[in-house]
Amino acid sequence: MTQIGASIAFGICAAWVGFALAGLVVPVLPASLFGGALGLALAWPFRRNIVSTGAIAIFAPFGVMLPALALHHIAISLGLDAPVFSSIEIAVFLLAYILFLVAAFGLLSVDLYRLGYSPRVVGVMTLAVCLYALATGNWFLALVAVSGQAIWAAGWSSSNWFDTVLHVTLVPIAAITLLTRLF
Amino acid sequence: MALLWFEGSAEAQADVDIYAVRLEKNGGELAPGPKHARITRSGLGQAMDPEQLVVTLGNTIEAGRPNEVLATIVSIGGWAMASVADIKLGPDGPVRGRKLNLSPFLNRSNLVKSPLLLFEDGHRGLPSYFELGSAYGVLARINGQGRVCDTRRLTGSGKPIQPMIVPLNALNAVAFLRDLAGSGQLLISRSFDGGQHWTSVEPAGLANPNAPVAALLLNEDLILVVANDDPHGGDRLSLLTYRPSTAAWHHLRELEANGVNARYPVLRLNEDGTILLAYSTGNKTGLRLHHFSRSWAEAGGE
């Protein structure tokens, strides 16, 4: 299941990159078709190439949030309705996530990452995210939290819940999103 | 029994594979059979779940299960970008491999070097270490499904890596660590609650110029240690004992003098009560084995 999950997640992320690059020269619809074809090709029939195996080696486990954000972005670009994060939410997330990574590097004495192995703590964290999503009406966030916990509990991805709902590439993505909104 | 090592043009290069020889008794002496490639990078890459690129291989240890090892693998960059892979071996090489989840930073940078421990509940304890900018030791708990279900850090003085953990009994354990910061001292930490908490890492009272160490429990208050204890930064290798109750070191004998460049010792207690010691020589260009009795070691090597 890890292989299938990683291939799907990688295919979506590859589609996102293809969509973004194609979107520089063609309209949204053909760009999304090109991205989808690219992601499908790299994830399945041509998966045994150095780009696919190298990307999976570097970026796996992809988790849920990264491919979900990719689909979210493509869907909104195509004019579909989906909740968006406010700039304040992104800024708070970016700050908290950087602190989390700094702690993981051993630069803070507290080890936050190990909380993601504990079923009880993960249950509390998922509930907290869902309550926040309910309060703000952001069904996308609740969907990521719940599906992340489900995949984690089923053993289909990382044994640490944080890996299913976060990804280190979210740091540049959040930073760039913030910068584009500010300037 | 088999002996595994990594071999290539140089450490961390893209031509390193894991080799093995089977050791068999020949007239009372242990003799190595012919060597063969046990884990190749391409073979492991195809066996990985998910399938992925593996560029180089490093320290490999027994996984506490038949035909299974835990190996340090790298897909990009140097050792700081390494991950730990749980590898199931078949007759012709890896049949399944999976990275252990030990870090939120793209599942890097964790490495292994020291042997596994067994917990009373059946979980396995993996001594590993984080080495990316900062450095600290880690004791990871692996459950019956082979998944990491908890980790504990060993932090304190210097940059403690390569924890060599010796359980004294169900609750007490000693960890010896190498100081990547170059203090010239071997480091030590202790646990009194079955590895749940560890004392702050501190100097162990033995010179050690940032070199790997091996240790093996002889009895509840005597640990056999193989380490470079040269206070002048040389590369000699010594056989020592450490008594946890008094924190006293006793030098048994010099195994290799300066100039041999002996490193990466590994100790193993065999089922017949004998002890096998292996280490690399000539800046990791050769291997040397010693085979001796436990009683000889307990008697101080006399």
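Both backbone and side-chain heavy atoms feed into the values below; hydrogens, waters and symmetry mates do not.
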For each of A:Y113, A:F62, A:F10, A:F100, tally heavy-atom pairs with chain B at distances under 4.5 Å, and name the one with the top tally. A:Y113

Against chain B, label A:S109 side chain, backbone, both or neither, depending on which of its atoms sit under 4.5 Å from a heavy atom there. backbone

Counting only non-hydrogen atoms closer than 4.5 Å, does B:M48 touch chain A with its backbone (N, CA, C, O), its side chain (CB onward), both, or neither? backbone

Chain A contacts, top residue of B:G45, B:P104, B:S134 (heavy-atom pairs, under 4.5 Å): B:P104

Heavy-atom cut-off 4.5 Å, strictly under: side chain, backbone, both or neither for B:R108 against chain A? side chain

Portion of A:S52 that has a non-hydrogen atom of chain B nearer than 4.5 angstrom: neither

Measure the spacing between CZ of B:R147 and OH of A:Y117 and express it to the nearest 0.5 Å. 10.5 Å

Return the minimal non-hydrogen interatomic distance between B:L106 and A:H167, and the atom names on each side. CD2-CE1, 3.6 Å

Examine distances only and state if a side-chain atom of B:K99 and a backbone atom of A:A57 form a donor-acceptor pair shorter than 3.5 Å. yes

Apply side chain to side chain contact (heavy atoms under 4.5 Å, CB included) to A:D111 and B:T151, showing your working. CA-CA 9 Å; A:D111 183 4; B:T151 56; 3.8 Å; yes

Exceeds 12 heavy-atom contacts within 6.0 angstrom, atom CD1 of A:I50: no

Quick check: are there more than 12 heavy atoms from other residues, nucleotides or ligands sitting under 6.0 Å from CD1 of A:I88? no

Run the numbers on A:R114 and B:R152 for side chain to side chain contact (heavy atoms under 4.5 Å, CB included), then give the verdict. CA-CA 8 Å; A:R114 68 173 285 267; B:R152 301 289 165 160; 2.6 Å; yes

Highest number of heavy-atom pairs under 4.5 Å with chain A: which of B:V54, B:T155, B:L100, B:L132? B:L132

Keeping the roles fixed (side chain from B:D49, backbone from A:Q3), state whether a donor-acceptor pair exists under 3.5 Å. yes

Does atom CD of B:E62 have more than 12 heavy-atom neighbours, drawn from other residues, nucleotides or ligands, at distances under 6.0 Å? no

Do you know which of B:V55, B:L102, B:I73, B:N143 has the most heavy-atom pairs with chain A at a distance under 4.5 angstrom? B:L102

Correct closest heavy-atom pair for B:N101 and A:P61 would be ND2-CG, 4.1 Å

At a 4.5 Å cut-off on heavy atoms, which part of B:S103 comes close to chain A: side chain, backbone, both, or neither? backbone

Can you tell me which portion of B:I76 sits under 4.5 Å from chain A's heavy atoms? Options are side chain, backbone, both or neither. side chain

What residue in A:G106, A:A55, A:S158 has the most heavy-atom pairs under 4.5 Å with chain B? A:S158

Output the option from A:D163, A:I56, A:I58 having the highest count of non-hydrogen pairs under 4.5 Å with chain B. A:I58

When you look at CD of B:Q13, are more than 12 heavy atoms from neighbouring residues, nucleotides or ligands closer to it than 6.0 Å? yes

